[in-house]
Amino acid sequence: MEIKKLTNLHGEITVPGDKSISHRAVMFGSLAKGTTRITHFLEGADCLSTISCFRKMGIDIENNNGEILVHGKGLRGLSSPTDILDVGNSGTTTRLISGILAGQNFVSELTGDDSIQSRPMKRIMTPLLSMGADITSIKGNNCVPLRIAGHPLKAIHYDSPVASAQVKSCVLLAGMYSDGVTSVTEPVLSRNHTEIMLNYFGAQVTSEGTTASIVPEPSLHAREITVPGDISSAAYFIAAGLLVPGSEILLKNVGINPTRDGLLRVCKDMGADITMLNVNMDGEPTADLLVRTSSLHGTTVGGEIIPTLIDEIPMIAVMAAFAEGTTIIKDAKELKVKESDRILVMAENLSRMGADITPTDDGMIIHGGKPLHGAVIDSYLDHRVAMSFAIAGLLCDGPLSIKSGDCVKISYPEFYEDLYRLGE
Ligand SMILES: O=C(O)C1=C[C@@H](OP(=O)(O)O)[C@@H](O)[C@H](O)C1
Ligand SMILES: C=C(OP(=O)(O)O)C(=O)O
């Protein structure tokens, strides 16, 4: 994929629906009684994997030109899968569905692509096993493929060693099928979409600090869900608007849940000109974001903010390479276990462009402001890497091309079209 040069980005953009919220809407809609209508659903490959898994368990899910109708059958309404469940490239599908499958009365198997088959699943197997679940990694390496024989579950309190919404959600979902109140405490609060949406469907989830608890056997009822724009997808346009000279972009209806808005806080620290308009704090908070070209400087990103911007760190690394001064990213070890090792992959590719970047055990150090040149970038089939370097490619001297640039389909199928529409 060759990246075209653009200047003076102008116009409005509505980014696709939030990936985390889209997955959850399909899952919880399937477990609710009645028809859940989802608008602005993300039709990225990951969320389509979630739809395909629930269809295989007997849930009728219609897609009418992007409006999704999930004909849910209630908490105990799933049927034994007609086939192996294919989670594709999606960590969210794998870890959340495992919590649901652990409490069913049938056996299921999960498989997925090469990337998902190397991502750690022990983090969900450990709490599920302590709830009495019967879950095995078929190859014995604590990765997918997984075999889950549904089982009555015991309620637990789980002290999670990682701040991960996928782990938290897995345990809470299994908790719905357990014999008492199940709770999870995480070291730092991760995104809370599961807690918000399960309550919206009628469950009793309470949150106190970094602990979330759920009462078992909820009756979930079908709802209408409008998915906000994904701030993780908006990140590329925010960065482009800030970095490409002469730009002014209005991003409409972006999700700004405080457990996801760390990027906006980091941009502000770097000197960004971003104005929030039409802020709506009902349910999942949203706002329009007006982004204007700004001269950025380095900053330090670490501690409690990390889970609120974990997927935006590849983009932050590119922004830091174009900003004046030093940026330190730390406490972000989780980057090593995403679709690629995002610490090494960002360091390798930014170095190819001439950036001064040093990978560390839990992040990276970037001395920004050097002129960057074009290069051949390896996305390693990681959608966030591809999109981050597409923005770098607008700004560097000379041509930049991205190997397997079409992996953006995982979370943003129309990414290149939307980007080129804004530029001259
Ligand atoms: O719960 C979710 O929807 C997600 C949680 C995060 O993963 P972890 O929970 O592994 O941090 C994030 O990286 C992923 O893109 C989506
Ligand atoms: C890490 C990501 O997703 P998942 O874990 O669902 O594969 C991501 O989208 O950046």
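Start at 1 and go down the list; that is how both ligands and their atoms are numbered.
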Tell me yes or no: between the side chains of [X] and [Y], is some donor less than 3.5 Å from an acceptor?
X    : Y    : result
T39  : E67  : no
S49  : T93  : no
T226 : H40  : no
Y177 : Q104 : yes
N349 : R352 : yes
K168 : T194 : no

Discussion item. I need the contact type for T92 against ligand 2. Using non-hydrogen atoms and a strict under-4.0 Å cut-off, is it side chain, backbone, both or neither?
Written reply: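 Looking at T92 and ligand 2, atoms from backbone and side chain both fall under 4.0 Å.
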Practice prompt. Pick one of side chain, backbone, both or neither for how H23 approaches ligand 2, counting any non-hydrogen atom pair under 4.0 Å.
Written response: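 No part of H23 is near ligand 2 at this cut-off.
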Fill in: Winner among K168, H193, R24, R95 once heavy atoms are compared against atom 1 (O) of ligand 1
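The nearest heavy atom belongs to R24.
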Practice prompt. May I ask you to check if ligand 2 and K338 share an N or O to N or O distance below 3.5 Å?
Written response: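 Looking only at distances, the answer is no, because the N/O contact criterion of under 3.5 Å is not met.
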Practice prompt. Would you check whether R95 has a nitrogen or oxygen atom less than 3.5 angstrom from a nitrogen or oxygen atom of ligand 2?
Written response: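 Between R95 and ligand 2 (N or O atoms, distance only) the closest approach is not under 3.5 Å.
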Practice prompt. State whether Y200 and R223 meet the cation-pi test: NZ (Lys) or CZ (Arg) under 6.0 Å from the six-membered ring centroid, and within 45° of the perpendicular axis.
Written response: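 Judged by the rule (NZ or CZ under 6.0 Å from the ring centre, within 45° of its axis), R223 counts as positioned above Y200.
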So with a 6.0 Å cut-off around [atom1] of [X], is the heavy-atom count from everything else above 12?
X    : atom1 : answer
D114 : CG    : no
E304 : CD    : no
K33  : NZ    : no
K409 : NZ    : yes
E208 : CD    : no

If you have a sec, work out which protein heavy atom is nearest [atom] and how many Å separate them, to one decimal?
atom                    : value
atom 9 (O) of ligand 1  : S164 OG, 2.7 Å
atom 4 (C) of ligand 1  : Q166 NE2, 3.5 Å
atom 12 (C) of ligand 1 : D311 OD2, 3.3 Å
atom 1 (C) of ligand 2  : E339 OE1, 3.0 Å
atom 3 (O) of ligand 1  : S20 OG, 2.7 Å

Which ligand 1 atoms does [X] reach within 4.0 Å, using its non-hydrogen atoms?
X    : value
K19  : 15 (O)
K338 : 6 (C), 7 (O), 8 (P), 10 (O), 11 (O), 12 (C), 13 (O)
A165 : 1 (O), 9 (O)

Could you list the atoms of ligand 2 found under 4.0 angstrom from a heavy atom of [X]?
X    : result
N89  : 7 (O)
Q166 : 4 (P), 5 (O), 6 (O)
G91  : 4 (P), 5 (O), 6 (O), 7 (O)
K19  : 2 (C), 3 (O), 4 (P), 6 (O), 8 (C), 9 (O)
R119 : 1 (C), 4 (P), 5 (O), 7 (O)
R384 : 8 (C), 9 (O), 10 (O)

Worksheet item: For R384 and ligand 1, does the shortest N/O to N/O distance drop below 3.5 Å?
Response: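 Such a contact does not occur with ligand 1.
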Fill in: Contact with ligand 2 for R342, non-hydrogen, under 4.0 angstrom
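True for this residue.
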Worksheet item: Roughly how far, to the nearest 0.5 Å, is CG of D261 from SG of C267?
Response: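 Answer for the SG-CG pair, C267 versus D261, is 11.0 Å.
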